[in-house]
2 protein chains.
Amino acid sequence: MMSPESMDTVFQALGNAQRRRMLDFVKNHPGCAVGEVAAGFDVSRVAVMRHLAVLEEAGLIISDKRGRTRHLYMNVVPIQMIHDRWSSEYSAMWAGRVLDIKYLAEQRTAEYPDAPDRAASVTHLPGERKGQT
Amino acid sequence: MMSPESMDTVFQALGNAQRRRMLDFVKNHPGCAVGEVAAGFDVSRVAVMRHLAVLEEAGLIISDKRGRTRHLYMNVVPIQMIHDRWSSEYSAMWAGRVLDIKYLAEQRTAEYPDAPDRAASVTHLPGERKGQT
DNA sequence: TCCACATGTAATATATGCATTACATATTCG
DNA sequence: CGAATATGTAATGCATATATTACATGTGGA
């Protein structure tokens, strides 16, 4: 089982594009060194180390120091955990959710004719601004 | 397609246990009011509103104000997006990753006999402390 | 109308996040 | 040994996150 704190650290680690890119680099270069990662990014080596530390604390990266070099590997287990949980928790919704909310919205609209029909917003993604369509 | 900024906001929104609980409440009480959510949590109503705003900015919640009441609905689309992306991006790894890293670790161990065998850590999850097993 | 209710906004305090530069430690190799 | 290399740590600045209390706005009903 995955504790709430673990999920916090994983989601927080993934909540930064720079960090996701670094994770991606490690994924595509298994066993790479810290410096190799740093070379591919436009921020200081210390910043890269901090990001890698966050990823490692989240369990998304595993490291292995040999001599003066620390080798990095991605660990998919935390992501897999979340993926599996989502599969079981939302699989039903993914089939019928849009229609469900549309149904609810229409129900409400019937009760309160002045209410805006929000069914169209169901497919909203962040980045778009609501109501601008 | 989902922009990196969108993923940032979604992951950041999910990176807080309190907020995930609120999202869960909305999921289980579709159409509930802000005050109803606040009643179930031990923080101030303003704090709850802030959390709901974060969730809404991430697209995870849709709201619909009628009269003086704002009704809340969960939107699974962003989570579904991430889920789908992960499915396609890591499906191969989920089958063979543990063995792959074990293989790599054993390779390295053979080259550098003093190196610790990290294969056992592959299933590491945050919250455990590495190397304690 | 007037009051109660549901929500929204302002001002504020403290903690965490993300980046920097400068310095320290440890390891390899001539 | 001593210099180059790879990584780690310390001190710091600035922005964002999370929470609070006090006050404002808008809506519904007796």
Side-chain angles (χ1 to χ4, degrees), chain A residues 4-5 8-23 26 29 31-58 61-73 108 111-116 126 130, chain B residues 4-5 8-23 26 29 31-58 60-73 108 111-116 130:
Chain A
E5 312 85 65
D8 279 11
T9 60
V10 173
F11 281 126
Q12 282 164 15
L14 293 171
N16 179 292
Q18 193 85 324
R19 206 146 48 211
R20 284 198 303 279
R21 274 179 236 119
M22 292 180 193
L23 183 61
V26 172
H29 300 81
C32 66
V34 173
E36 296 177 67
V37 180
F41 291 83
D42 198 25
V43 291
S44 69
R45 181 181 56 83
V46 179
V48 173
M49 281 208 304
R50 195 80 267 288
H51 282 305
L52 293 174
V54 170
L55 289 167
E56 187 157 12
E57 283 157 24
I61 276 186
I62 292 165
S63 73
D64 164 17
K65 187 159 187 175
R66 290 193 304 276
R68 59 183 170 184
T69 305
R70 191 155 65 93
H71 299 271
L72 307 167
Y73 305 90
R108 304 279 185 173
E111 293 174 37
Y112 306 85
D114 291 341
K130 277 189 312 179
Chain B
E5 311 87 62
D8 278 12
T9 61
V10 173
F11 281 127
Q12 282 164 15
L14 293 171
N16 180 295
Q18 193 85 323
R19 207 147 47 212
R20 284 198 305 279
R21 276 180 235 118
M22 294 181 193
L23 182 61
V26 173
H29 300 80
C32 66
V34 174
E36 296 177 68
V37 180
F41 291 85
D42 198 24
V43 290
S44 70
R45 181 182 55 85
V46 180
V48 172
M49 280 207 305
R50 194 81 267 288
H51 281 304
L52 292 174
V54 170
L55 289 168
E56 187 158 11
E57 282 158 24
L60 290 162
I61 275 185
I62 292 165
S63 73
D64 165 16
K65 187 159 187 174
R66 289 193 305 276
R68 59 184 169 184
T69 306
R70 192 155 64 93
H71 299 270
L72 307 166
Y73 305 90
R108 304 279 186 172
E111 292 173 37
Y112 305 85
D114 291 339
K130 279 189 314 179

Next item on the list: Measure from CZ on A:Arg50 to C1' on D:dT7 and round the result to the nearest Å.
Entry: 15 Å
Check: When the nearest nucleotide of DNA chain C is assigned to A:Val48 and to B:Ala33 on a heavy-atom basis, which residue is associated with the more 5' position?
Finding: B:Ala33
Next item on the list: For A:Asp8 and B:Leu14, run side chain to side chain contact (heavy atoms under 4.5 Å, CB included): C-alpha distance rounded to whole Å, both residues' side-chain angles, the deciding distance at 0.1 Å, then the answer.
Entry: CA-CA 7 Å; A:Asp8 279 11; B:Leu14 293 171; over 6 Å; no
Next item on the list: Verify whether one side chain among A:Thr9 and A:Glu57 offers a donor that lies under 3.5 Å from an acceptor in the other.
Entry: no
Item checked: B:Ser44 side-chain proximity, nearest of D:dA19, D:dT7, D:dT20 -> D:dT20
Next item on the list: Give the C-alpha distance, both sets of side-chain angles, the deciding distance and a yes or no for side chain to side chain contact (heavy atoms under 4.5 Å, CB included) between B:Val48 and B:Arg50.
Entry: CA-CA 5 Å; B:Val48 172; B:Arg50 194 81 267 288; over 6 Å; no
Checklist line | Nearest-neighbour nucleotide for the A:Arg45 side chain, D:dT21, D:dT7, D:dG26 considered | finding: D:dT7
Check: Just how far is it from atom CE of B:Met49 to atom CE of B:Met22, taken to the nearest 0.5 Å?
Finding: 11.5 Å
Check: What nucleic acid atoms does A:Val46 come within less than 4.0 Å of, heavy atoms only: base, sugar-phosphate, or nothing?
Finding: base
Check: Under the side chain to side chain contact (heavy atoms under 4.5 Å, CB included) criterion, do A:Val34 and A:Glu36 qualify, and how do the steps go?
Finding: CA-CA 5 Å; A:Val34 173; A:Glu36 296 177 67; over 6 Å; no
Notebook entry, point to check: Think B:His51 has a side-chain N or O under 4.0 angstrom from the OP1 or OP2 of D:dA17?
Noted result: no
Next item on the list: Could you state the atom-to-atom distance from CD of B:Gln12 to P of D:dA17 in whole Å?
Entry: 7 Å
Check: What is the distance, rounded to the nearest whole Å, between atom CZ of B:Arg19 and atom C1' of D:dA19?
Finding: 12 Å
Next item on the list: Go through B:Ile61 and B:Tyr73 one step at a time and tell me if the side chain to side chain contact (heavy atoms under 4.5 Å, CB included) criterion holds.
Entry: CA-CA 6 Å; B:Ile61 275 185; B:Tyr73 305 90; over 6 Å; no
Next item on the list: Round to a whole Å and report the spacing from CD of B:Glu57 to C1' of D:dA17.
Entry: 12 Å
Next item on the list: Check whether any side-chain N or O of B:Arg19 sits under 3.5 Å from a backbone N or O of B:Gln12 as a donor-acceptor pair, and report yes or no.
Entry: yes
Notebook entry, point to check: Whole Å only: how far is the CG atom of B:Leu55 from the C1' atom of D:dT18?
Noted result: 14 Å
Note to self: Of the options D:dA6, D:dT27, D:dA17, whose atoms approach the side-chain atoms of A:Thr69 most closely?
What the structure shows: D:dA6
Margin query: Distance check needed: D:dG8 P versus A:Arg66 CZ, whole Å only.
Written below: 14 Å
Item checked: Earlier contact from the 5' end, DNA chain C, for A:Arg68 and A:Ala47 -> A:Ala47
Note to self: Does D:dT18 have its OP1 or OP2 closer than 4.0 Å to a side-chain nitrogen or oxygen of B:Asn16?
What the structure shows: yes
Notebook entry, point to check: Where does the chain A footprint on DNA chain C start and end, counting 5' to 3' with a 4.0 Å heavy-atom cut-off?
Noted result: C:dC18 to C:dT28
Next item on the list: Give the rounded distance in Å between these two atoms: NZ of A:Lys65 and C1' of D:dG8.
Entry: 7 Å
